[in-house]
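What follows is a single structure, written as structure tokens, with notes after it.
Quick caveat, the model's predicted, so the values are computed rather than measured. Letters go in sequence order (proteins before strands), and every chain restarts at 1.
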There are 2 protein chains.
Amino acid sequence: MERLSIVYHAAMSMSRAHEGTESRGGAAFLLAQLGAHGAQLFAQRIAELDLTPAQAGLLRLLGRSPGRSQRELADQLGMPASRFVPFADKLEERGLIERRRNTSDRRLYALHLTDKGLELLAELRKAGAAHEQEMCQGLTPEEHRQLIDLLGRMARQQQLAPGVHPGYRSIRR
Amino acid sequence: MERLSIVYHAAMSMSRAHEGTESRGGAAFLLAQLGAHGAQLFAQRIAELDLTPAQAGLLRLLGRSPGRSQRELADQLGMPASRFVPFADKLEERGLIERRRNTSDRRLYALHLTDKGLELLAELRKAGAAHEQEMCQGLTPEEHRQLIDLLGRMARQQQLAPGVHPGYRSIRR
DNA sequence: CCATAATGATTACAAAATGGAACGATTGTC
DNA sequence: GACAATCGTTCCATTTTGTAATCATTATGG
């Protein structure tokens, strides 16, 4: 009975519009809806690799640009530096990342992926590809390209850094 | 210096691809990125109306189908019933919603918008329209329609209920 | 070159958010 | 009429969250 209410609600919404033309809201709402839905699916998928979305984000970040400082990485992942420490600790204990002292500035740690971390990153990429497939299975290859083009232009216009997920942190007031 | 690291990172990413063709990830990543970004912008926008995204969701829900029970609404908003109570309390104290006893089944409350709540919902719709404009300002009207069509079909294919935001609740394990 | 400010990593801690369990009131079922 | 189920509610333990303080190191600038 729990999820039934949603189905009921969906039926209500559809009943007052022609099939195939029902209003699903504007692009912004669809973006938020599909983004959140996709994030859920992806989180479930990588849970099989024993990874959270934030952990996956760090691995991907380190895969592209190794040797970053904890502060930089914490900023990009949208978490305070204080929380990054135990966060990185866990991955270090699992032997996925490595803290190396920066010789020129001994305040910083340079984070690197271990071989084991690289292997897991490869698994992660596979999961990402499968996820892309799952999300876009309703589109033709041409439509898929079109969508990526439109979204990419929106992302650029919004000045979003490529590959950097803003996170779903709440707005403090 | 805080946000500079992101700019730096963006520059790094773009430097290894032709301008205008830089990889911003697949559609799924762009969806999550733009969805989260848009959610942030929208949250900031409605903060001026003293509303959180969840509160806005409840008002919109009640605007479309008044008289729902708390349990139903809690389910759709993705929160346990126990948290819905103080959540609804706040909106009731502000005079935006009303709890009416259901005469046929006195276990349920039927939630309704007050006149004040209806007024705020109108403001909310304006904010939503402005938000849509802000997010899609880089697209032509034709592209805008195209995008809504593609996203709408994806949402349907993923069996997402129209107008129901899955929320950003984390996955428990 | 030394005093002082600034920065990175870390720890400590308080505030807030979260979901489950239990409870009373009411309704459906047999 | 006994019993299970449901709704709204309260209570509470756990987790999550961000800020402030701390220590080591590096930059600044007179």
salt_bridge(B/D149, B/R145) N-O dist < 4.0 Å | no
Between A/R99 and A/D89, is the closest basic N to carboxylate O distance under 4.0 Å?
-> yes
Rounded distance (Å) that lies between atom C1' of C/dG8 and atom CG of A/D75 | 11 Å
Length of the line joining A/L111:CG and C/dA9:P, which is rounded to integer Å | 8 Å
Do any of residues 88-108 of chain B sit with a heavy atom less than 4.0 Å from DNA chain D, and if so which?
-> B/R99, B/R107, B/L108
The side chain of A/R71 lies closest to which of these nucleotides: C/dG8, D/dT19, C/dT10?
-> C/dG8
Considering only side-chain heavy atoms of B/R83, which listed nucleotide, D/dT9, D/dG18, C/dT18, is closest?
-> C/dT18
Within the structure shown, what part of the strands sits under 4.0 Å from B/F84 by heavy-atom distance: base, sugar-phosphate, or nothing?
-> nothing
For A/S82, answer base if it contacts any base atom (sugar-phosphate contacts may also be present), sugar-phosphate if it contacts only those atoms, and nothing otherwise; contact means non-hydrogen atoms under 4.0 Å.
-> base
Got a donor-acceptor contact below 3.5 angstrom from the B/K116 side chain to the B/R94 backbone?
-> yes
Sequence neighbours excluded and cut-off under 3.5 Å, please list the side-chain donor-acceptor pairs for residues 119-126 of chain B, or say none.
none

Do any pairs count as a ring pair (Phe, Tyr, Trp, His ring centres under 6.0 Å) and have a residue in residues 80-136 of chain B, sequence neighbours left out, and if so which ones?
-> B/F42-B/H131, B/F84-B/F87
Under 4.5 Å between any side-chain heavy atoms of B/N102 and B/R107, yes or no?
-> no
